[in-house]
Amino acid sequence: MAKAKEAKIKKTAVKTYHNYIGGEWVKSSSGEWFDNVNPADTTDIVGRFPRSNEDDVNRAVAAAKGAAKKWRLTPAPKRAELLFTLGEILRSNKDEFTRQMTREMGKVLKEAGGDVQEAIDCTYYTAGEGRRLHGFTTPAEMPNKFAMCVRQPVGICGLITPFNFPMAIPSWKLIPALVCGNTVVIKSGEDVPLSTINLVKACEKAGIPKGVVNVVNGFGEAGAALVGHKDVRLISFTGSTTTGAMIAKQCGRENKIVSLEMGGKNAIIVMDDADIDNAVEGSLWGAFGTSGQRCTASSRLVVHKKIYKKFCAKLVEKVKTLRVGNGLDPKTEVGPVIHEDAMQKILGYIHIGEKIDKATLACGGNRLTKGEYAKGWFIEPTVFTDVKPGMRIAQEEIFGPVTCVIPFATLDEAIDIVNGVKYGLSSAIYTQDVNNAFHAMQELYTGICYVNSATIGAEVHLPFGGTKGTGNGHREAGTQVLDIFSEWKSLYIDYSGKLQKAQIDAVEI
Ligand code: UN1
């Protein structure tokens, strides 16, 4: 009896959160919940969230459908005004949202702050589109006829978001969807639902009308119901290549618009004329920032033979000094990985690197379990050297604090190595030679390319996305994202007062 009571008290001490459907905060229809756990300390339950199923998704889509017409007919500059208010709210809550993000996701405070900042930047930048959303006019081929085209919203958008950028990535999808006049249902990342709730509470506070933004929390069953719903016109997904491929198939069958942002196996080329210290700093940041859990992480370092030994020595020396720990401690440089399965997968790749690929494990390679690490998912920052481009650790996305150093002899060989993977998100080159830099910019087949900087750090006003296995040709961010969340409508206005047949009637000159 006493035990049961104790359990009950403990249970009520955990804060519960809800789905947001039609402007109401509601439980899941099944009454089931799941816990959001701090990956640095799994005894710390951040919150309890509704485990949603098809019923919940149906309700959320119905709410989005109910709100669609009014929102679509609200003038874009007015929609944008609410988004500017949203930007203000995010800005004034940045510190709180940052701490909560670190607690649920593990990334260090500075990076969580950057994540919230990216959502703020995206909100302000994209809200500006409310007064642009440019179409164009063009001469018609017949006299007394006017031609132009405008963007129209696509309808109800399903947004499925990952764990690694808990507020930035939802904002990349949500804000352009809204400014274009769509209504949305978000299926939040199951490991980081609180940051989405924070974003959506801010939307509520900003006065975005009921039903325009809806959130269902939960797992794949909720995501699948959203993808399969007949009223959802568009799915925007960021996550694993396997899930993305499944979504693409289903959307293809039902002729839905689908934008996919998936894996990466990004590389930095370090030329023999590079500033080595700068390249080492960039590599550290690119490989181990967010514990390597970025689609853009620098998981391959392709280094010129002439400086290979020196570079590896400097890199390994620095990596050994990185402070691993709870992201809430401001001294921590590398936080935990997101959950046990992710940790096992990463350790599995380290095993493959050592035992099957037979690369040299230059540092790291272990799970940390003692003392402050005992309750979380921590892995030592790991560097493999003497890596050959075809090895599995140099080909497959590891999504953890592991990088591979690959030697090369000529720039063209390095470019082939960088391009020789199934992904094409981000690439970089460190060189002081302008000719090398431009040659690499031209030949590296990736959606993003950096010179004298690592493969991470994209800004919200430039297009974000990748080639080949990374995506399906769309770009988020920038103004290019508007091409995902709106469709073109061409308008022809004939004021000649008679039938004029394009391509057929002769025009007198
Ligand atoms: C991701 O890698 O999953 O460019 C997103 C960056 C961030 C966004 C990364 N602004 O590193």
Side-chain angles (χ1 to χ4, degrees), residues 90 94 98 101 105-108 110-126 159-176 188-189 191-192 195-196 199 236-241 243-244 259-268 281-300 334-335 337-338 342 397-403 421 423-428 444 446-467 469-471 474-478 480-481:
L90 296 178
K94 181 174 169 182
T98 296
M101 186 186 295
M105 190 276 175
K107 64 169 83 174
V108 300
K110 267 206 178 119
E111 291 184 33
D115 192 315
V116 178
Q117 187 57 46
E118 195 159 342
I120 297 168
D121 296 343
C122 171
T123 304
Y124 283 134
Y125 172 72
T126 315
L159 315 181
I160 303 178
T161 54
F163 77 84
N164 65 338
F165 276 79
M167 194 174 278
I169 292 183
S171 80
W172 290 1
K173 300 181 189 302
L174 174 66
I175 310 303
S188 60
D191 298 299
V192 293
S195 295
T196 299
L199 178 62
S236 170
F237 168 80
T238 300
S240 76
T241 306
T243 309
S259 108
L260 304 169
E261 186 55 56
M262 303 177 288
K265 191 69 189 175
N266 318 287
I268 299 178
E281 283 304 319
S283 302
L284 271 185
W285 171 228
F288 302 111
T290 326
S291 306
Q293 301 170 109
R294 293 193 188 216
C295 317
T296 50
S298 311
S299 61
R300 295 180 296 156
V334 180
V337 298
I338 191 68
E397 187 176 41
I398 299 175
F399 225 63
V402 180
T403 197
V421 292
Y423 301 109
L425 182 52
S426 185
S427 58
L444 291 169
T446 53
I448 306 169
C449 179
Y450 295 87
V451 176
N452 292 328
S453 178
T455 55
I456 67 176
E459 302 179 18
V460 299
H461 50 302
L462 280 80
F464 182 96
T467 62
T470 295
H474 293 284
R475 292 292 182 270
E476 299 192 282
Q480 288 67 22
V481 69

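Note that ligands are numbered from 1 as they come in the structure, with each ligand's atoms numbered from 1 the same way. Because the structure is a prediction, the values reported are computed rather than measured. We use all heavy atoms of the structure for the numbers below, so side chains are in, but hydrogens, waters and symmetry mates are not.
With ligand atoms numbered from 1 in the order given, ligand 1 contributes 4 (O), 6 (C), 10 (N) to contacts under 4.0 Å with heavy atoms of Ala458. Each of the following atoms of ligand 1 lies closer than 4.0 Å to a heavy atom of Asn164: 1 (C), 3 (O). Each of the atoms 4 (O), 6 (C), 11 (O) of ligand 1 lies under 4.0 Å from some heavy atom of Gly457. Listed by number with element, the atoms of ligand 1 under 4.0 Å from a non-hydrogen atom of Ile456 are 11 (O).
A salt bridge (Lys or Arg N to Asp or Glu O under 4.0 Å) check over residues 161-176, counting only residues at least two apart or in different chains, returns the pairs Lys173-Glu476.
Checked by distance only, ligand 1 and Arg294 come closer than 3.5 Å through their nitrogen or oxygen atoms. At least one N/O-N/O distance between Cys295 and ligand 1 falls below 3.5 Å. For Trp172, no nitrogen or oxygen atom sits less than 3.5 Å from a nitrogen or oxygen atom of ligand 1, counting backbone and side chain alike.
A donor atom on one side chain and an acceptor atom on the other are found under 3.5 Å apart for Ser427 and Thr446. Under the 3.5 Å distance criterion, with hydrogens and angles disregarded, a donor-acceptor pair is assigned to the side chains of Thr455 and Ser298.
One finds the NZ atom of Lys107 at 10.0 Å from the OG1 atom of Thr98 (value rounded to the nearest 0.5 Å).
In Glu459, neither the side chain nor the backbone holds a heavy atom less than 4.0 Å from any atom of ligand 1.
Using cut-offs of 30° and 60° for the angle between ring planes, the Phe464 and Trp172 rings count as tilted.
At distances below 3.5 Å, not a single donor-acceptor pair connects side-chain atoms of Thr290 with backbone N or O atoms of Gln293.
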